[in-house]
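So that the names make sense, note that chain A is the first sequence line, chain B the second, and so on, each numbered from 1.
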Amino acid sequence: MRVKEILREILSTSAQTAKTKGELAFESLPVFEIETPKLAEHGDLASNIALVMASQAKRPPRQIASILIENLSPPPGFLAKVEIAGPGFINFFIEDAYWFRVLPEIHQLGPAYGNSDLGRGKRVQVEFVSANPTGPLHIGHGRGAALGDALANLLAATGHQVEREYYINDVGNQMFTLGKSLYYRAKELQGEAVEFPEDGYQGDYMKDLARQYLAEGGSVPEKPEEAALQALGRYAGDRILAGINQDLKDFGVTFDRWFSETSLYEEGWVERAFARLKEAGLVYEREGALWFAASRFGDDKDRVVRRSSGATTYFASDIAYHLQKFERGFDQVVDLWGADHHGYVPRLMAAAQAMSFKDRLRIMLVQLVTLLRQGEPVAMTTRGGTFVTLREVIDEVGKDAARFIFLTRRSDAHLDFDLEVAKQQNAENPVYYVQYAHARLASVFRQPGAEGLEEAEPNQELFRLLSLPEEVDLTKRLAAYPEVVEGAAANLEPHRITYFLTELASQLHSYYRNHRFITEDADLTRARLALVKGVKTVLAHGLGLLGVSAPESM
RNA sequence: GCGCCUGUAGCUCAGCAGGACAGAGCAACGGACUUCUAAUCCGUCGGUCGCAGGUUCGAAUCCUGCCAGGCGCGCCA
């Protein structure tokens, strides 16, 4: 059992005991915190229980704290010291020997240390990237990809059954525009003086695609007839999607399912969604169009789902898609969207509420990435064709550095991504700092002096030799790891892992620099190797969650 | 005009669903390699937490109002 849980239990028990003995009066035990204080003098863990009980018990917090401490019955060898501090905090100092219990646990669990069963039995879907197949992925998509993948990893590590999904908008106008763009680029290549349409996709990738199309013997009709353009659009869409798939693979991201919007129509999901809303009286006709009464669920206004032309809207597809998702039985669905779609959230949530799966849907917004090159912003628009692709970023700075940098920010904060900084392999680039810690340890275990010793079953007696403050602190950090993973998963915040790893690496580097692990004393060596083996295991686990490699050497 | 996100050290950002004197990296300055990888370590310098009120025993954190930056407000996707 974890230290925090033990404390919570003995504190609750103490309060109940005091109540029974008539020393404290309270209706029900209020919610209290147990947390790691910022300052070491305040102990390993501290609780505000006395402060939050004060109003109910009608006594000063410090007095309550003192009563609670008197009634405490901790397990033997657990507590070194308990203090009342400040306004009434209870500070707990845990026996060093107790912390070292985590080391055998890590050795035993190996790469599974850090996993938990928090989400056991829960099916979760993470839908991310879902970029329209009208052009290559750009750097903003990269952030979404890194984040979605790390989230999925976190959820999987905490015992959820996770599915990664990519939604393909392959219906409607944009496929037609894509076909039109291909058509005119092909005509240009054939030497015809045509004028490229203003609403076409300007990027050079369309020229490449046209070249490829012609090289494969594709035919270009005389006139831009609709059917021909649709076919060209499908061709281009397929090729672009294949490119996206490849880019994502090289970025370390794979999906369990690529979901086609078209299939929603083929399988009747859109009609099913309409029928369901109709039944509930939430759609109506006006000016020839069909409207969903989104304003009844907190949206600004009602929204069109079928235009007067008879064509359904993107929103209609999305309602149907989410209905389909929940019919698949997910306990939770996480949608990762670019922040430029945030205005769309209320209407989808309105639909979710109307169909009563609102509490199972979580829409996360990924703020935009401002790309810099040597401090200068780079303008990006897909249509205008000026943008830095994810492919370029992977080629220039590498998958590991890119993913790590994307995950050093909260998702709802804007991100400045400087290509030149990301490329540098120095201290400004935290990914190498963490990877280097791992590589250094790998090197230690390759030393002749480490032979055989690392295999030794670590026993508690041995850990008495770990008396340095940094050794105890490092162990405490390792012990905290599973909780950090759970917190990151529960709050959908992968950046917590990034920060944890940077701190762990920092502690390790400092320890490494000041002390030798392989020493004259075989027992001490054994103990220290057991400790740093634990560090190495946790570093590898954390990097794995982020989708960043843990190199054996650098 | 309305809505969402952001505003913490010169720069880039953390701050764990309010807690004890606000943290890290970079930059600047000064040190440390005959020793398991110096992509490292040690030290110094640096902040009215955008501003003003409010709630609380206690606020960077919650509420209100301003200010600044970003994004979005279609029978587009």
Side-chain angles (χ1 to χ4, degrees), chain A residues 33 35-39 41-42 46 48 51-52 54-55 60-61 85-89 91 132 134 169 171-175 177 261 286-291 300-301 303-315 317-318 338-346 365 367-368 370 375 408-416 418 421 424-437 439-450 483-484 487-488 490-491 493 495-496 498-500 502-503 505-506 508-519 525 528-529 532 553-554:
Chain A
E33 302 290 333
E35 48 186 27
T36 311
K38 283 177 215 153
L39 272 72
E41 306 106 73
H42 293 148
N48 65 348
L51 280 82
V52 295
S55 60
F89 289 103
N91 295 340
N132 294 346
T134 57
N169 297 123
V171 172
N173 220 1
Q174 57 180 8
M175 292 323 271
T177 307
E261 182 184 358
R286 194 177 77 202
E287 295 160 19
L290 189 67
W291 298 71
D300 294 340
K301 46 187 164 185
R303 306 287 175 177
V304 171
V305 288
R306 191 170 56 220
R307 287 172 281 220
S308 47
S309 68
T312 51
T313 60
Y314 175 84
F315 181 42
S317 295
D318 243 3
D340 51 343
H341 287 75
H342 76 256
Y344 196 78
V345 174
L365 296 173
Q367 284 297 328
L368 304 183
T370 308
T408 51
R409 301 281 182 279
R410 291 195 339 264
S411 56
D412 54 6
H414 298 259
L415 170 65
D416 286 338
D418 194 313
V421 172
Q424 288 167 27
Q425 305 201 352
N426 61 21
E428 256 188 275
N429 210 336
V431 63
Y432 299 112
Y433 186 80
V434 176
Q435 286 186 318
Y436 185 51
R440 270 182 147 178
L441 291 179
S443 169
V444 168
F445 287 103
R446 283 195 296 269
Q447 301 304 312
E483 237 171 79
V484 173
N491 294 287
E493 291 182 345
H495 76 275
R496 294 193 193 188
T498 314
Y499 279 86
F500 175 88
T502 306
E503 282 159 17
S506 168
L508 187 276
H509 281 310
S510 177
Y511 180 39
Y512 182 99
R513 199 75 186 120
N514 294 319
H515 306 281
R516 289 189 60 82
F517 307 156
I518 299 168
T519 66
T525 302
R528 288 186 170 173
L529 288 181
V532 297
S553 67
M554 286 173 74

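Rounded to a whole angstrom, the distance from the P atom of B:rA24 to that of B:rA39 is 24 Å. Comparing B:rG3 with B:rG23, their P atoms are spaced 37 Å from each other, to the whole Å. Look at the P atom in both B:rA32 and B:rA17: the space between them is 44 Å, to the nearest Å. Straight-line distance between the C1' atoms of B:rC57 and B:rU64: roughly 23 Å, to the nearest whole Å. Between the C1' atoms of B:rA59 and B:rG54, the separation comes to 11 Å (whole Å). Across B:rA38 and B:rG69, the matching C1' atoms stand 41 Å from one another, rounded to whole Å.
Atom CZ in A:Phe517 sits about 12 Å away from atom C1' in B:rU37, given to the nearest Å.
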At under 4.0 Å between heavy atoms, which parts of nucleotides 67-72 of chain B does protein reach? Answer with one letter per nucleotide, 5' to 3': B base, S sugar-phosphate only, - none. --BSBS

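Listed nucleotides: B:rU37, B:rG19, B:rU40. Nearest to the side chain of A:Arg513: B:rU40. Checking B:rU12, B:rC36, B:rA20 against every side-chain atom of A:Ile518, the shortest atom distance belongs to B:rC36. Ranking B:rU35, B:rC41, B:rA77 by closeness to the A:Asn514 side chain, first place goes to B:rC41. Checking B:rG15, B:rA20, B:rC41 against the side-chain heavy atoms of A:Arg410 singles out B:rG15 as nearest. Among the nucleotides B:rU37, B:rU12, B:rA17, the one closest to the side chain of A:Arg496 is B:rA17.
The aromatic ring of A:Phe89 does not sit over the base of B:rG19, since the test of centres under 5.5 Å and planes under 30° is not met.
Using a 4.0 Å heavy-atom cutoff across all strands shown, A:Arg306 reaches no nucleic acid atom at all.
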Output field dot_bracket for RNA chain B (Watson-Crick or G-U, both distances under 3.5 Å, | for other-strand pairs) contains (((((((..((((.....[...)))).(((((.......))))).....(((((..]....))))))))))))....

